[in-house]
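First listed ligand is number 1; within each ligand, the first listed atom is number 1. Model, not experiment: these values are computed from the prediction.
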Amino acid sequence: MAELLSDAQVAEALAGLEGWHGNGKAISRTVKAESFPAGIRLVDAVAEVAESLDHHPDIDIRWTSITFTCATHSKGGVTELDLNLARRINDLVQAMGAR
Ligand SMILES: C[C@H](O)[C@H](O)[C@H]1CNC2=NC(N)=NC(=O)C2=N1
């Protein structure tokens, strides 16, 4: 269904995805939350969206720094599913006051 994207296709998409970097293997964004509990609330909100999409980011939590990494594991790289998840994460980051 979702096809692997080339490095060039991912680079083009990243131009419109605030805060994200990466390549055809994976894309990532690190955000800062106002506090550790606020960061956990953001992660919880991302978990709900990920479940609804049946597509899940890798998440690294270090105090108030949270890194989201998106790749389609079953395909071994980045697909539209990851770009869509990244957009949804950006919406939550903005709505919940992280940066
Ligand atoms: C059966 C179910 O659709 C799969 O296991 C899903 C769940 N979430 C997933 N998330 C991500 N990021 N990659 C996957 O390949 C993936 N597979």
[Y] and [X], any side-chain heavy atoms less than 4.5 Å apart:
| X | Y | result |
| --- | --- | --- |
| I59 | T67 | no |
| V78 | C70 | no |
| T30 | I66 | no |

- prompt: For ligand 1, what is the set of protein residues having any non-hydrogen atom at a distance below 4.0 Å?
  reply: D54, H55, H56, A71, T72, H73, S74

- request: Could you tell me which residues satisfy side chain to side chain donor-acceptor pair (under 3.5 Å) with K32, sequence neighbours excluded, listed by chain and number?
  value: T64

- request: Just jot down the side chain to side chain donor-acceptor pair (under 3.5 Å) partners of R29, sequence neighbours excluded, or say none.
  value: N90

Acceptor/donor pairs from residues 2-14 side chains to any protein atom, 3.5 angstrom cut, sequence neighbours excluded:
{"unit_1": "S6", "atom_1": "OG", "unit_2": "A8", "atom_2": "N", "d": "3.4"}
{"unit_1": "S6", "atom_1": "OG", "unit_2": "Q9", "atom_2": "N", "d": "3.0"}
{"unit_1": "S6", "atom_1": "OG", "unit_2": "Q9", "atom_2": "OE1", "d": "3.4"}
{"unit_1": "D7", "atom_1": "OD1", "unit_2": "G24", "atom_2": "N", "d": "2.7"}
{"unit_1": "Q9", "atom_1": "OE1", "unit_2": "S6", "atom_2": "N", "d": "2.8"}

